[in-house]
Amino acid sequence: MSKLINGKEISAAVKDRVAAEVAELKNKGISVGLAVIIVGENPASKIYVANKKKACESLGIVSHEFALPEETTQEELLKLIQTLNSEKSINGILCQLPLPRHIDEQSIINAIAPEKDVDAFHPTNVGHIMIGDFDFVPCTPAGIIEMLDYMDISPAGKNCVVIGRSNIVGKPMGMLLLHRNGTVTICHSKTQNLKEICRNADILVAAVGKANFVTADMVKPGAVVIDVGMNRLEGHLCGDVDFAAVEPIASAITPVPGGVGPMTIAMLMQNALTAAKRQNGIL
Ligand code: GUN
């Protein structure tokens, strides 16, 4: 029997912490403002952005939403970001990805002022993470580290295997586990012997984007299994891990939904708070 890692409970603890600090800042006359930009009509992105807005409201963070039409040009988007970069009431800027194909994502990421980059996607912040000296941590990997801490699971000395090498999850996840002294392997679509490598993992993080990709024969008995997947299968949400088959083998596992998802939003709120503190000379 494995222990369920409850993202709802752990994210609530993070959000309580953030809300208390936001209230403290308010008493000092400082409000926390987060700008969220969405371009186009991607249904999943619309849900994520709505959830981010809801979280802001419940924590006392002022959310400024910019919902732009699909035809928005790269120049128009860059102009908005430049305006938000110099707007004092905006502490954090997030541009929801993916963007429409005619917009170059990296150019947009590069335009966000690093001190307002609450996603930690800007090359400056990526560099800070690489050297282990950072304020902002990418929200999903940060949420996973928070979960491990809460469960008293230390990556130190353990075999940590991350499946997926995206800039949003896989790469920063590997780096954060390395900072915690894990022995890290990052796997991807070209990896040979994937099953054997995964079977050697004490901590296995699946960020593939394919429903039920991680099967029971890929999991070492007693492993900690973290499922980053958010896939739609026959109308319902499921992760990258075959939960029913893997749960009895793992020592701890995250469910989908109610696992990593709520953590990502909680860590975004924490990054917005960090941005406001830095910009007001409090950190
Ligand atoms: N799209 C999927 N995940 C994310 C995220 O963490 N940040 C942004 N900006 N876009 C995303």
Side-chain angles (χ1 to χ4, degrees), residues 7 11 14 34-56 61 63-68 72 74 77-78 80-81 84-85 90-101 103-126 129 134-147 162 164-176 205-210 226-232 237 239-240 256-257 259-272 274-275:
S11 66
V14 173
L34 176 66
V36 178
I37 306 169
I38 178 168
V39 184
E41 301 294 328
N42 182 312
S45 291
K46 280 176 139 179
I47 294 171
Y48 296 146
V49 165
N51 287 338
K52 287 168 186 177
K53 189 176 175 183
K54 231 188 284 171
C56 281
I61 293 175
S63 122
H64 305 258
E65 194 185 326
F66 298 86
L68 308 179
T72 302
Q74 183 160 320
L77 184 52
L78 286 171
L80 170 63
I81 290 170
L84 297 172
N85 279 344
I90 303 285
N91 304 109
I93 303 169
L94 175 146
C95 185
Q96 187 67 28
L97 304 179
L99 287 166
R101 294 238 306 267
I103 298 177
D104 176 49
E105 278 184 1
Q106 196 59 50
S107 301
I108 299 305
I109 289 168
N110 293 354
I112 295 174
E115 65 274 15
K116 296 191 176 184
D117 170 35
V118 285
D119 270 320
F121 291 167
H122 190 285
T124 296
N125 290 323
V126 174
I129 291 157
F134 49 84
D135 278 339
F136 299 133
V137 203
C139 302
T140 300
I144 293 169
I145 293 290
E146 190 74 32
M147 285 176 136
V162 180
R165 57 173 154 179
S166 70
N167 289 337
I168 296 184
V169 182
K171 286 185 211 168
M173 185 74 254
M175 215 27 84
L176 295 189
V205 180
V208 194
K210 286 186 185 153
I226 308 289
D227 190 348
V228 183
M230 292 260 247
N231 311 296
R232 287 240 157 245
L237 195 64
D240 291 346
V256 176
V260 173
M263 294 306 299
T264 299
I265 294 186
M267 303 321 284
L268 171 68
M269 300 297 112
Q270 183 168 291
N271 280 346
T274 301

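Each ligand, and each atom within it, is numbered from 1 in the order the structure gives.
- The nearest pair of heavy atoms linking A120 to P138 is CB-N, 3.7 Å.
- When all heavy atoms of N85 and K116 are compared, the closest pair comes out as O-NZ, 2.9 Å.
- Among all heavy-atom pairs drawn from M263 and G143, the shortest one is CE-O, 3.6 Å.
- At least one heavy atom of F121 sits closer than 4.0 Å to an atom of ligand 1.
- Remark: ligand 1 atoms within the under-4.0 Å shell around heavy atoms of L94 are 9 (N).
- If you look at S45 next to ligand 1, there are no close heavy atoms at all, none under 4.0 Å.
- In this structure, the side chains of I47 and V49 stay at 4.5 Å or more apart for every pair of heavy atoms.
- In this structure, C139 falls outside the shell of residues with a heavy atom less than 4.0 angstrom from ligand 1.
- With sequence neighbours left out, the salt bridge (charged side-chain N to carboxylate O under 4.0 Å, His left out) criterion links E41 to K46.
- Across all non-hydrogen atoms, the minimal contact from V169 to A207 is CG1-CB, 3.7 Å.
- Ligand 1 has a nitrogen or oxygen under 3.5 angstrom from a nitrogen or oxygen of L97.
- Around atom 2 (C) of ligand 1, the closest heavy atom drawn from M230, E105, K52, Q96 belongs to Q96.
- Considering backbone and side-chain N/O of D119, one or more are found under 3.5 Å from N/O of ligand 1.
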